[in-house]
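One structure is given below, encoded as structure tokens.
From a predicted model like this one, the values you see are computed outputs, not experimental measurements. The figures that follow rest on heavy atoms only: side chains count, while hydrogens, waters and symmetry mates do not.
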Amino acid sequence: MAGVRILVGTAKGGFILRGDERREHFTVEGPLFGGWEVFHLAASPVDPERLYASQAGGWFGQIVQRSDDGGRSWNPVDNAFVYDGEVGDHLFYDGTPQPWTFQKVWHLAPSLTDADVVYAGVEDAALFRSDDAGASWGELTGLRQHPSGTQWQPGAGGLCLHTIVQDPTDPGRLTVAISAAGVFVTEDGGASFDPANRGLQSGEIPSEQAEVGHCVHKLAQHPSRPQTLFMQKHWDVMRSDDGGGQWTEISGDLPTDFGFAIDVHAHEPETVYVVPILSDSEHYPPDGALRVYRSRTGGGEWEPLTRGLPQEHCYVNVLRDAMAVDTMDECGVYVGTTGGTVFASRDGGDNWEAVVDHLPRILSVEVQTLP
Amino acid sequence: MIRVTLPAHLRTLARTGREVVVEAAGDPPTIRTVLDALEGAYPVLRGTIRDHTTRQRRAFVRFYACGEDLSQLPPDTPLPDEVVTGREPFAVVGAMAGG
């Protein structure tokens, strides 16, 4: 059935919101895996009925589930994320060495070209790949074993690999982001990685031109321009037009350039969305008003989008994986809040309405556009 | 045959009832062999009770039998006779935690 399917990961389970072609009526299914953290739900671009869920909890660890029928039924797949070779140390918050220890899967990225290939970004930061739809996982060791790995330190949420951007023109090129190590790029499918953090300046670290140590929160890319990447960093909104070779700041006239989520309009590669958050300790929007900001100029000049969003007494956050766009003729934009609301815009951000309220704290939002 | 009781989340995951029965190796069977048998019968439970790599009990999981906490005992500790003979279950418990 034509329409959209919104995949929502929350602190207490997953939800699937099925919307009609006009995106006016949604059914809410869930919670899936109730009581567990569902950090991310993701769909295969090749086979829209194939979904993955990262299900985790403090008691019983990590589970990965797969659905082959659009989320109507699920089966656990392999959950053994075992670091390959000598595990070694990274740095803890206090600067002391700490052995790499698997915590959970933050982000799942099904391949753009092969329905059986899926990538997983995990904490402690590493990249895994499955070639059999999750039946087994292997580490792409070139990342974690990069010489700088011994110097990586966690961000406040942990040493997490939260972003995996695939180049639609080159399956061997992946761009990943780690808090608080930075951006890394592979050109050879994960055998080797290079840091891609030039131009990032982070006042929190001693060297503002450091090769690693940057707290990158999220990357976004328009598929028609794989060399252009947009970044929400801890502070600063950035862009690169050479695949991460050099970054320039595009925060421009934003009221604050702290935030987590960032995304790009489905049909306008220079239209970018962010959700400014007051500060790194005040994780809510300025003035108690939830405003999505849109730039139609690739950054620099931003306009607040407020119609239909709460404009008073609103102190929620939009986490890094909780913004998505659909590819309908008029691009839909979706954000999920820590207050458990999914807001949707059917017109590129001009008008918003709540699709569902009162879910648990929302960790991730993805949307599928179904033919 | 060893009776093993599971906490609710693991029952859901393994798609089974509150209690399962497994055949544990060894004479007598041990904590380790009953967990091996459990994971052999229900592979989806691998990694949920013990860490995949270290085989250490996960921090918020406890083992009880005959009213005793067996959690801190070495994995090769023989199970009590009451468990071996099936009069009492070996209980896998999710620790009470969360505030």
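Aromatic pair B/His9/A/Trp59: ring centres not closer than 6.0 Å.
Proximity to chain A is limited to the side chain of B/Arg15, based on heavy atoms less than 4.5 angstrom apart. Only the side chain of B/Pro7 comes within less than 4.5 Å of a heavy atom in chain A; its backbone stays farther off. Using a 4.5 Å cut-off between heavy atoms, A/Asn75 touches chain B through backbone and side chain atoms alike.
To the nearest 0.5 Å, the span separating CG on B/Leu13 from CD1 on A/Ile63 amounts to 4.5 Å. Note: A/Trp36 CH2 to B/Thr12 OG1 = 9.0 Å, rounded to the nearest 0.5 Å. Atom-to-atom distance recorded for B/Thr54:OG1 and A/Phe102:CZ is 13.0 Å, nearest 0.5 angstrom. Taken to the nearest 0.5 Å, the CG atom of B/Leu10 stands 4.0 Å off from the CZ atom of A/Phe60.
Remark: A/Lys104 NZ is packed, more than 12 non-hydrogen atoms of other residues, nucleotides or ligands lying under 6.0 Å away. Shown here is B/Arg58, whose CZ atom has more than 12 heavy atoms of other residues, nucleotides or ligands within 6.0 Å. Heavy-atom neighbours of B/Arg18 CZ from other residues, nucleotides or ligands within 6.0 Å: at or below the threshold of 12.
In this structure, the salt bridge (charged side-chain N to carboxylate O under 4.0 Å, His left out) partners of A/Arg50, at least two apart in sequence or on a different chain, are A/Asp68, A/Asp116.
Between the A/Asn79 side chain and the B/Arg46 main chain, a donor and an acceptor come within less than 3.5 Å of each other.
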